[in-house]
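Read the structure below first, then the notes.
Throughout, a chain's letter reflects where its sequence line sits, starting with A, and its residues are numbered from 1. Hydrogens, waters and symmetry mates are skipped; everything else that's a heavy atom, side chains included, is used.
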Amino acid sequence: MLEFILMFIIIISAILALIQKDLLKAAILTGFSGGAVAVLFQILLAPDVALTQAVVSAVIIPVFIALAVKKTQREDS
Amino acid sequence: MNELIPLMVIVPLMAALLISAFSKFNKITKIFAFVVAICLPIIPLASNYGLHYFGGYAPIMDNVTNVMFHPAITYSFTFLQQIFIAMVGLLTFLVIFIYLNKYKEVSGPYLFLLFLGTAAVTAMLLTDDIFHMFVFFEILALAQVGIVAASSIDYSYEMALKYMILGSIGSPIMLLGIGFLLALTGSVNVTDIAAAVHNGLVNVTSPVFLMSLALIFFGWLYASGLPPFHTIKSGIYSKAEPHGAALLQSFTVISMISIVLIMFRIYSSLPIFEVLIVFFSILAMVLGVSLALTQTDFRRMIGFLAVGELGFIGLGIGLGTQFAITAGLFQALNEIMITALLFIGFGAIVNATNEVDTRKLGGLLAYHPKVGIMLLIGGMAMAGVPPLSGFQSKLMLVQASLSCGFPELSILAIMVSIATFVVFIKTFYAMFLRPKPNDLEVEGKEVPRSMIFAMGVLLIIIILLGLFPDAVTSGISNFVGGIL
Amino acid sequence: MAYVQLVVLFTSAALIIIGLYAAIFVDNIIKKIIGISFIEEGANLFIVAIGYRPGGVVPILMPGMDTSWFAANAAYPLPFGLVLTSIVIGASTLAVMLALVMVLYRRYGTLSTKVMLADTSKQEEYNE
Amino acid sequence: MKLYDQIFDVVKQFKKLFSPGPVTNADVSGSITAEIFLIVSLVISTLLLRHVNVLLAGLVAFILAIVLISNIPLIPKFKIEQEDSLEKMLFYAIVTLAILVTFLYWGGNLV
């Protein structure tokens, strides 16, 4: 059951990130999707990969994107 | 000594890290980079042929099925690897020599990128492990982007970003293909996968196997710059510094042949594999040369010519016989040198005139006769004029396609050679022979000695290989006989 | 094939298709890069799903485990090792792309791909 | 006379290809060479289809030759499609990927 919920979280947050007008929200939604993938890795018996993915994809990548957005512009015109 | 095999990758990698860490000591960095660059072509020539297992895990024999398994990342070093690694090492040495002579203050990150790229292509050639190859393929892409972005030419950042975005589509797709292979065979070692395919453990007609071919093939198209990636490849050549472009095209050629040899060992039982390679090679030749004919920026023109020449390599490998593959690999070796010569030579002209548009140039033969003559010979070698090395490999390719029963391909190859010749002579006329335009200033600007030295070295190798092709082709032919 | 694997494979396919869609149809460069990172994520997910074994255990040999039982029940660890490398490479690629975008934004003042990464010959008119 | 007029128009259209900047005769003759090279090489490469079916190869070559010759100048159209804007390159890359996957998955065993 958990994997179905995770699947919906991943796909819907990925789609929402791409249709968002505010780029900062898009960055946060990317983190959501990455974090859900990390949990999915844990279900797939790969705890080491899940740890790396949780750090990289749920924290580092959104922070990078948020920094880039801060240095450029926030609205998607 | 077999211990030298891993050193071929480790030496440039360590040099790259050390140089970027200690780049504030200008003098020491210069000397160190020079010494390492000299070592690069010498190590492969001094090393013995053989295999190297990382971590010392020797292959395990399964007594039930009589199949060997390779638990370690394996490096295999034969004549083919030796000659190509020595050639890239020589080219890296020449490029670093030019770079060190050109700038008083060396930039650590730039040298880091050059050495990193060399280490990556060396590992790609040596490795027998498909995922290891993928990792270095990604590192190579990063190094290429860095070399392009570090140049001072206008719009180089844009081109680097375009290359990177296309690359970040191409490489996950290739990773997916590797994943399909892993799912089918449970191994990432190419020898194991090839054994599983040839022993019938894998159903070669299953859609999953075909799908993995499609995905890895797409990654190969990106790596080698065949269509639809020919525009971006020629673009990054034209936006890099000339010596950087000379190295970039050698990276492209070597990643192309290393990936295609791995694909050939796995998929050679599928007839569609050869059809695909020949199809994309023809497309590359036709599009590359016909677009090169219409360019006015001469760096872009050589970029398109380099892509067109890649089609010849693909043609040789796609034909699939021993003679044809030998011809294709020999053509790859020639192309590395000839295109490097052309990039360095035209880069010298850019240095001396600050102009890249052929319409605004002219009459340079009186000012730079040495560069002009060397460029003329290099262009003739590229077009396949006897007795230069390009002629030998193209003749072999034409013979191979005739003996395989494809006379159309022979006609096409000859036509592409003639069109290459036309492109080159047109540009040579416009730049060197036609009267000098009044507003062009060429007085008082010298071509750097190091560039002329590098061109001379490459020219000597081109002429020697043209006169004695057997020195290389017999060894390559033995190697090809081993993988068929 | 366990249904967990099927769900994961569907997810990875969806991520890859979303990424390819974003690469063609989304104009904003940062969103395009986000979309491309989804392709990478989908490929990783696919490879991890290969190593999964239904009803298996985590492939870490704890003290006190029986070795032969462990070999029969543990998941296949090779794909996990590969994905670790691939995640890190993907993150570094993304960082370099975003850095290039930041530099280019200063020159063009917009994030639109049509302007920022147009044909080289047309770029002069957009350049501020 | 009609074909001659058409070729004359081709030369005029090549002038636009090189704008801005002066147009030299070497450039225009290079473009005409490219034009002829493109047509001839594409027609010759379709002859490779004779390994599938001789009749098909003749038919495709004939139709392709007529289409290409009646559509000259091809090179300006070609160049617009091969420019290095990211959108065009991405579009062609993904279309190639789609065709490769579709073709190999369903038709990989037919060759």
B/Ser281 (side chain) donor-acceptor with B/Phe312 (main chain) under 3.5 angstrom: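 Absent.
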
B/Lys162 side chain to D/Asp84 backbone, donor-acceptor under 3.5 Å: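 Yes, because the side chain of B/Lys162 sits within donor-acceptor range (under 3.5 Å) of the backbone of D/Asp84.
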
Straight-line distance of B/Leu293 CG to B/Thr427 OG1, nearest 0.5 Å: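 Here the rounded value is 8.5 Å.
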
Spacing of B/Met174 atom CE and B/Ile259 atom CD1 [to the nearest 0.5 Å]: 4.0 Å

Check whether [X] gets within reach of chain D through its side chain, its backbone, both or neither, counting any heavy atom under 4.5 Å.
X: B/Leu213; value: both
X: B/Ile173; value: side chain
X: B/Leu291; value: side chain
X: B/Ala419; value: side chain
X: B/Leu210; value: both
X: B/Met211; value: side chain
X: B/Val416; value: both
X: B/Leu161; value: neither
X: B/Phe304; value: neither
X: B/Leu215; value: side chain
X: B/Phe229; value: side chain

Cut-off 3.5 Å, side chains only: do [X] and [Y] have a donor facing an acceptor?
X: B/Lys239; Y: B/Tyr157; result: no
X: D/Tyr92; Y: D/Gln82; result: no
X: B/Thr294; Y: D/Ser31; result: no

Among B/Ile169, B/Val286, B/Leu283, residue most engaged with chain D (heavy-atom pairs, under 4.5 Å):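 Looking at each option in turn, the highest pair count goes to B/Val286.
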
Per-pair distances, 0.1 Å, donor-acceptor, side chain in residues 46-69 of chain D, under 3.5 Å, sequence neighbours excluded:
unit_1, atom_1, unit_2, atom_2, d
D/Thr46, OG1, D/Val43, O, 2.5
D/Arg50, NE, B/Glu408, OE2, 2.4
D/Arg50, NH2, B/Glu408, OE1, 3.3
D/Arg50, NH2, B/Glu408, OE2, 3.1
D/Asn53, OD1, D/Leu55, N, 3.1

Greatest number of heavy atom pairs closer than 4.5 Å to chain B - which of D/Ile44, D/Leu38, D/Thr33, D/Leu97: D/Leu97

Whether B/Phe273 and B/Phe217 hold their rings parallel, tilted or perpendicular, with breakpoints at 30° and 60°: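 Perpendicular: the ring planes of B/Phe273 and B/Phe217 meet at over 60°.
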
